[in-house]
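Since we're looking at a predicted model, the values are computed, not measured. Heavy atoms only: backbone and side chains are in, while hydrogens, waters and symmetry mates are out.
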Amino acid sequence: MTTWRDMILAPDGARGDSQPPSWAKVANVFIALLVLVAAVWISLLRLNYNWGWAAVWGYRVELFDGWLLTLGISVAALIVSIIVGFVLALGQRSWFLPVRYFAKVLVEVVRCTPLLVLILVIWYGFGGVFQVGNQWRFTWGILILALFEGAYISEIIRAGIESVGKTQIESARAIGLTRGQTYRYVIIPQAFRQTLPPLVGQLVSLIKDSSLLSLISIAELTQAAQQVNTMTVSTLETYLPLAAGYLVLTIPISLWSRWLERRFQYET
């Protein structure tokens with residue numbers, strides 16, 4: 001028999017070993033959304049704000065084009081960042097010490113530098129020194145974003161590789177597998193299973209970080225919203241759709257990441 005305690009208390013307390021009933025999950029999610037919507041609605045009522053959606057609606061095509069560009073940038077940067085991350089992860093395990101420590105230093109420098117600073121240094125610094133034209137702005141934006149995310153992805157991949165037991169690697173050597181074959185048949189399949197959920201989660205960060213490319217005038221969603229706001233002086237009407245545009249992209253990916261974590265988790 002279900003009671004009100006089943007809706008507000010986890011079955012195993014703080015440990016969280018057992019999942020609450022499905023109806024309790026749905027009810028609590030609904031309550032949380034209701035509280036958030038009510039808080040936003042009350043705040044807007046207290047502002048006594050005069051809405052002007054008509055002006056922003058006239059620029060809906062520009063906002064949608066910016067949303068599509070954000071999606072394209074994210075997909076392109078994700079592909080490049082996975083390649084960069086994989087190369088850096090293997091570099092950190094290289095037997096050739098200069099390569100190993102170059103990869104380690106590069107990863108730490110990039111991870112310890114804010115993306116905003118990295119964009120400014122690479123585009124306005126190196127881009128100015130080498131006189132890179134504005135026609136390369138889009139390509140450089142993707143590469144900067146891929147480098148930044150690739151540093152984090154390399155740590156995810158490295159952790160996945162190192163999670164494979166040494167006994168399995170020794171067994172692979174014992175049956176005559178080469179280093180390349182060991183990676184191909186033993187390490188990479190198991191590391192992929194371990195790293196897939198956090199890699200999908202990293203895509204959420206990549207999509208959000210792409211908004212900083214507006215600093216170099218790439219016309220993605222944030223840049224488009226800023227331009228619409230300048231022309232309409234309708235701040236809330238512009239930035240609420242901006243937030244919704246990112247949520248449409250990130251929430252499904254975040255839910256997918258959580259599902260993958262449950263699907264691929266190992267019993268301990």
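With a 6.0 Å radius and a threshold of 12 heavy atoms from other residues, nucleotides or ligands, Phe64 has its CZ atom at or below the threshold. Around CZ of Arg111, the count of heavy atoms belonging to other residues, nucleotides or ligands within 6.0 Å exceeds 12. Counting non-hydrogen atoms of other residues, nucleotides and ligands closer than 6.0 Å to CZ of Arg93 gives a total above 12. Within a 6.0 Å sphere centred on CH2 of Trp53, heavy atoms belonging to other residues, nucleotides or ligands number more than 12. Atom CZ of Phe138 sits in a crowded spot, with more than 12 heavy atoms from other residues, nucleotides or ligands closer than 6.0 Å. Annotation: Trp41, atom CH2; neighbour count of heavy atoms from other residues, nucleotides and ligands within 6.0 Å does not exceed 12. More than 12 heavy atoms of other residues, nucleotides or ligands shown are found within 6.0 angstrom of CZ on Arg60.
In the hydrophobic cluster analysis, where Ile, Leu, Val, Met, Phe, Trp and Tyr join through side-chain heavy atoms closer than 4.5 angstrom, Ile253 is grouped together with Leu68. Val228 is not connected to Leu213 by any chain of hydrophobic side-chain contacts under 4.5 Å among Ile, Leu, Val, Met, Phe, Trp and Tyr, and they are in different clusters. Cluster annotation: Ile119 and Tyr124 are assigned to the same hydrophobic cluster (Ile/Leu/Val/Met/Phe/Trp/Tyr, side-chain heavy-atom contacts under 4.5 Å, transitive). Residue Leu143 is grouped with residue Leu212 when hydrophobic side chains (ILVMFWY) are merged at heavy-atom distances under 4.5 angstrom, including chains of intermediate members. Linking Ile, Leu, Val, Met, Phe, Trp and Tyr whenever their side-chain heavy atoms come within less than 4.5 Å leaves Leu242 and Ile251 in two separate clusters.
Here Arg158 pairs with Glu155 in a salt bridge; the nearest charged N to carboxylate O distance falls below 4.0 Å.
Taking both residues in full, the closest heavy atoms of Pro252 and Leu247 are given as CD-O, 3.8 Å, listed atom of the first, atom of the second, then distance. Here the shortest heavy-atom pairing between Gln223 and Ser214 reads OE1-O, 3.2 Å. Counting all heavy atoms, side chain and backbone alike, Ala89 lies closest to Ser154 at CB-O, 3.6 Å. Scanning both residues, Val80 and Ala146, for their nearest heavy atoms gives CG1-CB, 3.6 Å. A pairwise comparison of heavy atoms in Ile207 and Ser74 identifies CG1-OG, 3.5 Å as the closest pair. Between Val110 and Ala151, the closest heavy-atom pair is CG1-CB, 3.7 Å.
Counting only N and O atoms by type, the side chains of Thr222 and Tyr246 include a donor and acceptor under 3.5 Å apart. Side-chain contact of Gln202 with Glu149: a donor-acceptor pair under 3.5 Å is present, judged by distance alone.
The one candidate from Leu69, Leu145, Leu115 that meets the side chain to side chain contact (heavy atoms under 4.5 Å, CB included) condition with Ser210 is Leu145.
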- Message: Evaluate Leu90 against Ile161 for side chain to side chain contact (heavy atoms under 4.5 Å, CB included), listing each step before the verdict.
- Response: CA-CA 9 Å; Leu90 293 182; Ile161 292 174; 4.3 Å; yes

- Message: Set out, in order, the CA-CA distance, both residues' side-chain angles and the distance that settles side chain to side chain contact (heavy atoms under 4.5 Å, CB included) for Tyr101 and Gln92, then state yes or no.
- Response: CA-CA 7 Å; Tyr101 285 95; Gln92 293 186 74; over 6 Å; no

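The closest donor-acceptor contact from the side chain of Ser81 to the backbone of Leu78 lies under 3.5 Å. No donor-acceptor pair under 3.5 Å is formed between the side chain of Thr70 and the backbone N or O of Glu220. Remark: side-chain polar atoms of Thr178 are paired, donor with acceptor, to backbone N or O of Gln181 under 3.5 angstrom. In this structure, the side chain of Trp67 does not engage the main chain of Leu221 through any donor-acceptor pair within 3.5 Å. In this structure, Gln194 contributes its side chain and Gly160 its backbone to no donor-acceptor pair below 3.5 Å. One N or O on the side chain of Ser234 and one on the backbone of Thr232 form a donor-acceptor pair closer than 3.5 Å. The backbone N or O of Val109 lies less than 3.5 Å from a partner atom in the side chain of Thr113, making a donor-acceptor pair.
Of the inter-residue distances, the one linking Leu199 atom CG with Leu206 atom CG reads 11.5 Å to the nearest 0.5 angstrom. Taking OH of Tyr239 as the start and CG of Asn229 as the end, the distance is 4.0 Å to the nearest 0.5 Å. Rounding to the nearest 0.5 Å gives a distance of 6.0 Å between OG1 of Thr182 and CD1 of Ile187. In this structure, Leu63 CG and Trp57 CH2 are separated by 10.5 Å, a value rounded to the nearest 0.5 Å. Distance check: Ile31 CD1 to Leu36 CG gives 12.0 Å after rounding to the nearest 0.5 Å. For the atom pair Leu88 CG and Ser94 OG, the distance stands at 12.0 Å (nearest 0.5 Å).
Remark: Trp256 pairs with Val200, Trp259, Leu260 by the side chain to side chain contact (heavy atoms under 4.5 Å, CB included) rule, at least two apart or across chains.
Annotation: side chain of Trp51 is in contact with side chain of Leu236 (closest heavy-atom distance under 4.5 Å).
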